[in-house]
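Chain identifiers are assigned alphabetically (A, B, ...) following the order of the sequence lines, protein sequences preceding nucleic acid strands; residue numbering begins at 1 within each chain. What you see is a predicted model; the values in this text were computed from it and never measured.
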2 protein chains.
Amino acid sequence: MFEIDPRKSIFYYIDEAIKEYRKYAQKKISVIDPNITLDQLLTLNLIKEDPDSAQKELAQILFKDYASLTRIIELLVKKGYLSRSINQSDRRKFLLKLTAKGYAIVDKLTPIIIENRKIALENISDTDLKSLKTTLKKITDNCNSDL
Amino acid sequence: MFEIDPRKSIFYYIDEAIKEYRKYAQKKISVIDPNITLDQLLTLNLIKEDPDSAQKELAQILFKDYASLTRIIELLVKKGYLSRSINQSDRRKFLLKLTAKGYAIVDKLTPIIIENRKIALENISDTDLKSLKTTLKKITDNCNSDL
DNA sequence: CAAATATAATTGATATATCAATTAATAAAA
DNA sequence: TTTTATTAATTGATATATCAATTATATTTG
């Protein structure tokens, strides 16, 4: 009976928490601007802070497949938040730069993201957060080491 | 600077853990059968255990949008794992039933899923798991209460 | 009962995830 | 230096996520 019922696994709660947070965060963002996603914002922010980073690095930071990141960037360019030009020092790479519109939306939505995280973590002690992080790291490591 | 760098947020670690687990689990499943996904398996298993459940309920258990679940079920039917017929007691609903092929794949892959979860949680104490669950529940609740 | 409302599921549009294959450029090796 | 291998990014195919709109059936209410 129900040997692999997802509700009996801790992964159920991990999945639930991250999905509820994303839904919540996206809802708050959409109130201000219904045309940008949380991932697009985080991507823009990373590029803003480190314009030299390759798409490969961005993908790793955001836990995204390279293909996904390519498409996120395409969209950001199409929407006018980002400009892309060839990197002359390595012509396989691109130079990514926020447009004025890109800077504007990051500035506008940064406080919202900070607020979202704060609210999502209300009433959780630093000790609990630290232990959460440690346990999650163990799971990540377990999955990576057994290959 | 880097005010909303994802790497500074606990959500980064949650995201990392669940994604690494899913990648790991899928890899193990694909060795046995490259044509089924973890979510499809969990869906089949839930239907096997409770054939009367409506798609709406399955979606809630699996944290999926109704639309997503409709398409997962479509695929399972197309692949011959599932049969779908109209529920006469409420003609808006469907009667979902595993085929022999559906039962076979669930039986074949159940031990793999159990093993995956075990390995992913190696060296994590029950106390830590319990506290992980509690903290994650708090996050979920925080996101839901602020609406 | 007829009209209004609610519910279960689907469909369409768009974004993202994942895998495999491909392209273009660079680096390493023979 | 030509071949070979590696690397960065894209593309195509398919699966899933999310939102809004729609369809079909049930339920409620006037």
Problem - Residues which pass side-chain hydrogen bond (donor to acceptor under 3.5 Å, both in side chains) with R92(A), listed by chain and number, not counting sequence neighbours - result: D90(A)

Handout entry: Test item: L109(A) and I4(B) side chains (from C-beta on) under 4.5 Å apart, heavy atoms
Key = no

Practice task
Pick base, sugar-phosphate or nothing for Q26(A), based on heavy-atom distances below 4.0 Å to the nucleic acid.
Solution key: nothing

Problem - Y13(B): ring pair (Phe, Tyr, Trp, His ring centres under 6.0 Å) partners, not counting sequence neighbours - result: none

Practice task
Measure from CZ on F63(A) to P on dT16(C) and round the result to the nearest Å.
Solution key: 17 Å

Problem - Relative orientation of the end axes in the helix from dC1(C)-dG30(D) to dA30(C)-dT1(D), expressed as an angle to the nearest 10° (five pairs per end) - result: 10°

Practice task
Let me know which of T99(A), L98(A), L82(A) forms a side-chain contact (heavy atoms from CB on, under 4.5 Å) with L76(A).
Solution key: L82(A)

Problem - Nearest-angstrom distance from the residue atom CD of E57(A) to C1' of dT7(D) - result: 12 Å

Handout entry: Any donor-acceptor pair under 3.5 Å from E57(A) side chain to A54(A) backbone
Key = yes

Fill in the blank from the handout: I72(B) CD1 to dA17(C) P, in whole Å, measures 16 Å

Handout entry: Set of ring pair (Phe, Tyr, Trp, His ring centres under 6.0 Å) partners for Y81(B), sequence neighbours left out
Key = none

Practice task
Tell me what E74(B) touches on the nucleic acid: a base, only sugar-phosphate, or nothing, going by heavy atoms under 4.0 Å.
Solution key: sugar-phosphate

Handout entry: Sub-4.0 Å heavy-atom contacts from residues 77-99 of chain A onto DNA chain C, ordered by number
Key = D90(A), R91(A), R92(A)

Handout entry: d(NZ, K19(B); P, dT16(D)) in whole Å
Key = 16 Å

Fill in the blank from the handout: With sequence neighbours left out, the residues meeting side-chain hydrogen bond (donor to acceptor under 3.5 Å, both in side chains) with Q26(A) are S30(A)

Exercise for the section: Go through residues 64-71 of chain A and report each residue with a non-hydrogen atom lying under 4.0 Å from DNA chain C, sorted by number. Expected result: K64(A), D65(A), A67(A), S68(A), R71(A)

Completion exercise
From NZ of K56(A) across to P of dT6(D) the rounded distance in Å is 13 Å

Handout entry: Gap between atoms CG and P, on N35(A) and dT16(C) respectively (whole Å)
Key = 12 Å

Practice task
Apply ring pair (Phe, Tyr, Trp, His ring centres under 6.0 Å) to F63(B) and list each qualifying residue two or more places apart in sequence or on a separate chain.
Solution key: Y12(A)

Problem - Other residues, nucleotides, ligands: >12 heavy atoms within 6.0 Å of K19(B) NZ - result: yes

Handout entry: Any residue meeting salt bridge (Lys or Arg N to Asp or Glu O under 4.0 Å) with K138(B), in chain and number order, not counting sequence neighbours
Key = none

Exercise for the section: Please list residues of residues 100-109 of chain B whose heavy atoms come under 4.0 Å from any atom in DNA chain C, ordered by number; otherwise none. Expected result: none

Completion exercise
From the candidates dA8(C), dT16(D), dA9(D), the one with an atom nearest any side-chain atom of D39(B) is dT16(D)

Exercise for the section: Could you check if a side-chain atom of K27(A) sits within less than 4.5 angstrom of a side-chain atom of K23(A), using non-hydrogen atoms only? Expected result: no

List the atom pairs, donor and acceptor, that lie under 3.5 Å between side-chain atoms in residues 65-75 of chain B and the rest of the protein, sequence neighbours left out.
unit_1, atom_1, unit_2, atom_2, d
D65(B), OD2, A67(B), N, 2.9
T70(B), OG1, Y66(B), O, 3.1

Practice task
In whole angstrom, give the distance that lies between atom CG of L76(A) and atom P of dA9(D).
Solution key: 15 Å

Fill in the blank from the handout: Atom CG of D15(B) and atom P of dA17(D) are separated, to the nearest Å, by 14 Å

Practice task
Could you list the residues that satisfy ring pair (Phe, Tyr, Trp, His ring centres under 6.0 Å) with F94(B), not counting sequence neighbours?
Solution key: none

Handout entry: Main-chain N/O of K79(A) paired with K101(A) side-chain donor or acceptor, under 3.5 Å
Key = yes

